[in-house]
Amino acid sequence: MCGIVGYIGEQQAYPILIKGLHRLEYRGYDSAGVSMINADGVLSVYKSKGKVSALEASVADKDISGTIGIAHTRWATHGEPNAINAHPHFSQSKNLSLVHNGIIENYKSLRIELEKNGMTFCSETDTEVLVQLVEYTQQQHGCDLYRATQLALKSVVGAYAIAILDKRNPDQLICARKGSPLIIGVGTNNGAGKGEFFLGSDATPIIEYTNKVIYLQDEEIAIMNRNGDLKITNLSNVKQTPQVHTLQMNLDELEKGGYAHFMLKEIYEQPNALRICTKGRLNIVDKDVLLSGIIDHKEKFVKARRIIICACGTSWHSALIGKYFIEEAAQIPVEVEYASEFRYRNPVIFPDDVVIAVSQSGETADTLAAIQLAKDKGAFLYGICNVIGSSIPRATDSGTYLHVGPEIGVASTKAFTGQVITLFMLGLAIAKEKKTLSEDMFHMLVDELQKIPDKMQWTLDHNKGIDNFAQMFTYARNFIYLGRGYNYPVALEGALKLKEISYIHAEGYPAAEMKHGPIALIDEEMPVVVIAPKRGMYDKIVSNIQEIKSRKGKIISVVTEGDTIVKGMSDYCFEIPDTRDCYVPLLAILPLQLLSYYVAIAKGRNVDQPRNLAKSVTVE
Ligand code: M6R
């Protein structure tokens with residue numbers, strides 16, 4: 001949830017670290033800090049509460065001459081967001097500084113033990129325990145920092161990605177990980193005894209300098225040397241052979257490209273993102289679906305007694321749409337589980353179950369733990385993720401990447417539609433193998449699915465003006481979102497989008513559930529967003545709208561182009577092109593994303609960095 005950047009080489013470290021922190025700020029933004037070994041050999045630590053810009057201002061008159069450094073942007077877990085609790089943390093002697101992502105679960109007992117042995121603490125964080133533990137271990141064993149870190153980490157329970165500087169050794173940068181991602185970038189200046197390494201909790205701070213990366217594995221520790229040497233071992237000091245990967249990421253994907261916010265850019269990117277996602281997978285000529293992740297393991301899917309999908313947040317909503325489609329098309333029962341609940345139950349898992357993890361980041365701690373549990377129980381694991389090389393794809397037996405490009409806005413938009421279309425392709429691919437659809441129906445569904453990106457573009461082009469309309473709802477304290485069938489998960493997702501970036505309370509309901517309680521909430525001040533496409537249960541939803549109208553609720557509807565009945569009953573109406581009932585979510589969500597964006601803007605919210613949230617939830 002926090003972000004780490006590191007650098008060692010011949011360049012000045014500070015500009016690389018600060019730029020990296022700006023790129024990582026979407027991961028956490030309550031405080032930030034930087035540590036360098038400067039030209040005079042002094043190990044400096046500068047930290048401040050708030051955004052990275054506050055840190056920059058506070059560092060303006062400081063020595064930033066070092067060519068080795070580490071930096072951190074924080075999302076508080078232990079200890080309130082302030083400069084003292086911000087990372088990096090010094091060890092007691094101030095010889096070491098350390099940054100950390102993750103949670104040290106046994107930090108209290110470690111701290112008590114260290115205090116008994118004379119170590120003193122400045123902060124309330126679990127991270128300071130780590131740096132003191134490493135220093136204490138080094139003092140006790142009289143070993144080098146690398147060995148001390150290995151030994152110290154053996155007594156740590158929890159998740160960590162760490163980077164450490166030692167002022168007595170300005171030519172080495174040490175890092176280690178377990179449960180939290182860490183990537184080493186191999187600089188292009190390496191060679192002839194010269195070396196340059198970059199470090200990041202994801203690839204975003206690195207890609208500007210190199211596309212050659214090494215994904216550190218769990219319980220691995222690395223030492224990067226200024227002379228270009230890199231050593232990686234596990235905690236038992238057994239040498240590991242690093243695999244260098246070439247990243248395909250493009251720097252433009254990490255910029256706002258003229259949009260006011262990443263969220264807005266990502267909303268408008270969706271038609272093209274989905275074209276890329278389906279490229280080579282939806283065959284327009286033969287009207288076929290080719291998902292290599294399924295083809296390679298088709299027996300597992302054909303024989304699956306059941307599919308269980310584990311996910312969190314927005315990914316859980318896309319999973320629910322996937323359930324409806326897979327059950328309908330491939331006739332396999334599907335259960336959708338909140339990963340955080342699943343992991344702590346004792347779920348029944350059969351050896352012929354397929355467990356699918358859906359996750360944009362591929363790093364969500366609960367989803368990762370859920371699939372590890374399923375793996376232990378013998379299930380076949382499939383990952384649907386966006387971030388290439390992240391933990392979930394590496395932990396699963398097979399899977400499909402979304403390929404929608406980096407999603408930086410904290411509120412998920414293009415990853416949601418990417419997940420939904422991937423689940424549709426997956427459902428179709430299984431249906432093909434199981435022959436559960438007639439040939440005509442299969443071809444028709446493939447044909448219509450490949451038209452969706454163009455229909456998304458139409459939807460975005462024809463729903464301008466939401467910005468003005470959204471102003472009217474800044475007064476609202478609550479919203480209700482209603483949908484039926486495939487559009488019930490859209491109602492949930494629309495409500496989540498509004499909640500997380502505008503801080504207006506919103507609830508999604510299956511429309512027919514209204515009369516079982518929530519209808520009591522309706523009055524003239526309650527905006528009710530209804531997804532009411534022409535197909536599906538149109539007449540039923542018209543009746544649901546009547547029930548709300550007669551209680552004076554304000555109706556905002558999403559209707560099929562040309563609809564007059566629901567339009568006539570609505571205070572405001574968004575139009576989408578006609579499509580198959582099952583594919584409506586891919587179109588209906590677009591105006592709802594824009595609505596939440598513009599309501600949040602009208603309320604003056606920071607949509608890319610909403611309060612209390614972080615993009616990737618790598619802690620429980
Ligand atoms: O990276 P993941 O898809 O696993 O993340 C799951 C949720 O944390 C995420 O979807 C969250 O709900 C978003 N902020 C929603 O916009």
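Start at 1 and go down the list; that is how both ligands and their atoms are numbered. Reckoned from all heavy atoms, side chains included, excluding hydrogens, waters and symmetry mates.
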Enquirer: What protein heavy atom is closest to atom 8 (O) of ligand 1, reported as residue, atom name and distance in Å?
Expert: Val617 CG2, 3.9 Å
Enquirer: Which residue holds the protein heavy atom closest to atom 15 (C) of ligand 1, what is that atom called, and what is the gap in Å?
Expert: Thr314 OG1, 3.0 Å
Enquirer: Of all the heavy-atom pairs spanning Ile321 and Pro585, show the shortest one and how long it is.
Expert: CD1-CB, 3.7 Å
Enquirer: Specify the protein heavy atom at minimum distance from atom 1 (O) of ligand 1: its residue, its atom name, and the distance to 0.1 Å.
Expert: Ser361 OG, 2.7 Å
Enquirer: Please write down residue, atom name and distance for the protein heavy atom closest to atom 5 (O) of ligand 1.
Expert: Thr364 OG1, 3.4 Å
Enquirer: Which protein heavy atom lies closest to atom 16 (O) of ligand 1, and at what distance to 0.1 Å?
Expert: Glu500 OE2, 2.4 Å
Enquirer: Please write down residue, atom name and distance for the protein heavy atom closest to atom 7 (C) of ligand 1.
Expert: Cys312 O, 3.7 Å
Enquirer: Consider every N or O of Leu496 and every N or O of ligand 1, then say whether any pair is closer than 3.5 Å.
Expert: no
Enquirer: Would you mind listing which atoms of ligand 1 come within a distance below 4.0 Å of any non-hydrogen atom of Lys497?
Expert: 15 (C), 16 (O)
Enquirer: Can you sort out which atoms of ligand 1 are near Ser359, meaning under 4.0 Å from one of its heavy atoms?
Expert: 1 (O), 2 (P), 3 (O), 4 (O)
Enquirer: Restricting to side-chain hydrogen bond (donor to acceptor under 3.5 Å, both in side chains), what partner residues turn up for His297, sequence neighbours left out?
Expert: none
Enquirer: Taking distance alone, with no angle check, do Thr367 and ligand 1 share an N/O pair under 3.5 Å?
Expert: no
Enquirer: Taking the six-membered ring of Tyr160 as reference, does the cationic atom of Arg177 (NZ for Lys, CZ for Arg) lie under 6.0 Å from its centre and within 45° of its axis?
Expert: no
Enquirer: Determine whether the aromatic ring centres of residues Tyr324 and Tyr488 are separated by less than 6.0 angstrom.
Expert: no
Enquirer: Considering all heavy atoms of both residues, which atom of Tyr503 and which atom of Arg611 are nearest to each other, and what is their separation?
Expert: OH-N, 2.8 Å
Enquirer: State the atoms of ligand 1, each with its element, that fall below the 4.0 Å cut-off from a heavy-atom position in Val410.
Expert: 13 (C), 14 (N), 16 (O)
Enquirer: Assess whether a salt bridge exists between Lys178 and Asp218, defined as any Lys/Arg side-chain N lying under 4.0 Å from an Asp/Glu carboxylate O.
Expert: no
Enquirer: Report, in ascending order of atom number, the atoms of ligand 1 lying under 4.0 Å from any heavy atom of Ala411.
Expert: 16 (O)
Enquirer: Indicate, as side chain, backbone, both or neither, the part of Glu363 found under 4.0 angstrom from ligand 1 when only non-hydrogen atoms are considered.
Expert: neither
Enquirer: Any side-chain heavy-atom pair from Asn85 and Ser31 closer than 4.5 angstrom?
Expert: no
Enquirer: Using a 4.0 Å cutoff against the non-hydrogen atoms of Ser315, which atoms of ligand 1 qualify?
Expert: 2 (P), 3 (O), 10 (O)
Enquirer: Side-chain polar contacts of residues 587-601 - donor-acceptor pairs under 3.5 angstrom, sequence neighbours left out - could you list them?
Expert:
{"residue": "Gln593", "atom": "OE1", "partner": "Gln270", "partner atom": "NE2", "Å": "2.7"}
{"residue": "Gln593", "atom": "NE2", "partner": "Gln270", "partner atom": "OE1", "Å": "3.4"}
{"residue": "Ser596", "atom": "OG", "partner": "Leu592", "partner atom": "O", "Å": "3.4"}
{"residue": "Ser596", "atom": "OG", "partner": "Gln593", "partner atom": "O", "Å": "2.8"}
{"residue": "Tyr597", "atom": "OH", "partner": "His261", "partner atom": "ND1", "Å": "2.7"}

Enquirer: Of Thr422, Leu423, Ile294, which is the lone residue that meets side chain to side chain contact (heavy atoms under 4.5 Å, CB included) with Thr400?
Expert: Thr422
